[in-house]
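Start at 1 and go down the list; that is how both ligands and their atoms are numbered.
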Amino acid sequence: MEQQWWKEAVVYQIYPRSFKDSNGDGIGDIQGIISKLDYLKLLGIDVIWLSPVYDSPNDDNGYDIRNYTEIMQEFGSMEDIDELIAEAHRKGIKIVMDLVVNHTSDEHEWFLESKSSKDNPKRDFYIWREGNGDEAPNNWESMFRGSAWEYNEPTEDYYLHLFSKKQPDLNWENPALRQEVYKMMTWWAEKGIDGFRMDVINFISKHPDLPDGEKSHGKEFGNGAPFFMNGPKIHDYLQEMNKEVLSRYDLMTVGEMPGVDVEEARKYTDSSRNEVNMVFQFEHMGVGDGVEEGKWSNNAWELNELKEILSRWQNGLETTGWNSLYWNNHDQPRVVSRFGNDGQYRVESAKMLATLLHMMKGTPYIYQGEELGMTNSEFTSVHDFNDIESINSYYDLKNRAKWDEEKIMNALKARSRDNARTPVQWDQTEHAGFTTGNPWLEVNPNYNDINAEKCLADKNSVFYYYQKLIQLRKTYPIIVHGKYELIFKEHPQLFAYERHYEGKKLVVLCSFSPEKIDFDYPSLDKADGKELLISNYSQENQPEALRPYEARVYLI
Ligand code: NOJ
């Protein structure tokens, strides 16, 4: 068994725009993060993953980078980042930076040069193709709706953008571009950062012919995914990046990989192949997605499907590779609203979901506010949304799919990325103590009930429950290393599993029901000297049934 620090770590993701504003401009910033380091230390996390803090025109809130070695003005300065790294390190917290190299901003100097003329030296840093008459080079749809191609007047051809037209895709076929990326990564590594979270990194190798994608359901565009997800040279590129940069430093790496399956993930994370430490897979977040409208279909989901997916990933990376564990990030709705109960059982279900995830094998990620049990927000019209994906999808569902207003709003309320991006709720003062100015995105109106100050004053809060889960991981090696085994496989409301390690057994029981559920587990009843490590209910006279959203963890 390989011992590596990132296998024992718990990561906390910060979306800087929404975390804490220090200067009253309504936008979170780096000094705001520094002011909350003691809070994070109290929670007990080991690593902060910072969503992009680089100079950006913010078409996609920083995922469109104009300059990789400058800091976004609203967030502060390079001195602030240096101070954050130093302060965090002094407190024993590591810093992982977001690495966005599938694309840049169209305002990046490489792109300004590339689009200026066909013989510019940076021309091949991006992906250019001739159109077919008046039509784009192929039928791919961008992730944010509309064609994935944009016409460029001066050169009379098109560039590829898998995301917004202000996010042109970099051409990884070009060795000079790759060297520039490695140089930039080395620059950050030399600064003393502790790792990279790699944005849609499995999109960087495109099929050389860029063939048309399959069209379904009378749609205007085709699905290009098979020709850019996990493309032909992706493993070569990652191995080269590893050799040139990653292997020279003690860095943690996690590749965000939509559309990755277990077999492919095993290759990406097999330590003998020298690619990345772990990947963010998307399968479990896709339960209830529809064939036609993807996540906006937001169909009912089945617990047994969630069990099957998560168990397949646990088993698939048991001996080779490593899992990342997450429910939330800046692209997902709040988990207590998605898989829990954000009404009567908000606290119970937030703790249950935390238990389920944190007792699994892998590196857990907590997204800001998850430790407070923050919920989806209230959006009443399209104007309440900020995210480019939400807004573009609104008009696409209205004009193309002909959905009525109510249906669209219900879909967006359930799955919009803005749910994750409302400011962190610190206290009961105006704007939840996030800013003294006007927040860039409205604070969730429930901040009087749900906020950090209240959680810190209540020893039964979601915050202290997360703190305890983190401490348990640090105390019991079985939580880090134990072998996973699903139990009660067919039970429709109970997600339960065991972990096995050096003759010990961990039993994790999690109810997804708002009602009591029976649970008959004779071997647990008979087990001598079993120890209850954590539960979200008092266990004074341990009932035979699990109460609504109850979670229990026993060590035997
Ligand atoms: C994935 C990021 O998590 C998301 O926020 C972003 O919009 C896309 N990649 C494009 O960078």
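- At a heavy-atom distance under 4.0 Å, no atom of F203 approaches ligand 1.
- Which parts of ligand 1 touch F144 is read off a 4.0 Å heavy-atom cut-off, strictly below it: atoms 7 (O).
- In summary, the side chains of T375 and N446 do present a donor paired with an acceptor at a separation below 3.5 Å, with no hydrogens or angles considered.
- Contact annotation for M143 and ligand 1: no heavy atom of the residue comes within less than 4.0 Å of the ligand.
- Contact record, M241 with I201: CE-CD1, 4.4 Å, taken as the closest heavy-atom pair.
- Contact between R417 and ligand 1 is present, with at least one heavy atom of the residue lying under 4.0 Å from the ligand.
- For the 3.5 Å distance criterion, the side chains of E405 and Y394 qualify, holding a donor opposite an acceptor.
- Nearest to atom 5 (O) of ligand 1 by heavy-atom distance, out of I201, D331, D98, is D331.
- With a 4.0 Å heavy-atom cut-off, ligand 1 is reached by no atom of Q332.
- Taking atom 7 (O) of ligand 1 as the reference point, the nearest protein heavy-atom neighbour is D60 OD2, 2.5 Å.
- Atoms of ligand 1 found under 4.0 Å from any heavy atom of H103 (numbered from 1 in listed order, with element): 10 (C), 11 (O).
- Contact annotation: for M198 versus ligand 1, there are no heavy atoms closer than 4.0 Å.
- W172 and Y237 have tilted rings, their planes meeting at an angle from 30° to 60° on a 0 to 90° scale.
- Close approach of ligand 1 to E256 (heavy-atom distance below 4.0 Å) involves ligand atoms 1 (C), 3 (O), 9 (N).
- What sits closest to atom 11 (O) of ligand 1 on the protein, heavy atoms only, is D199 OD2, 2.7 Å.
- Rounded to the nearest 0.5 Å, atoms OG1 (T422) and CG (N386) are 11.5 Å apart.
- Y12 and E370 share no donor-acceptor pair across their side chains, judged by distance under 3.5 Å alone.
- Closest approach of A265 and W313 over heavy atoms only: CB-CZ3, 3.3 Å.
- Ring centers of W426 and Y39: under 6.0 Å apart, within the cut-off.
- If you check the side chains of Y15 and N61, you find a donor sitting under 3.5 Å from an acceptor.
- Numbered from 1 in the order shown, with element, the atoms of ligand 1 that lie under 4.0 Å from a heavy atom of R421 read 5 (O).
- Protein heavy atom nearest atom 8 (C) of ligand 1, with residue, atom name and distance: F163 CE2, 3.7 Å.
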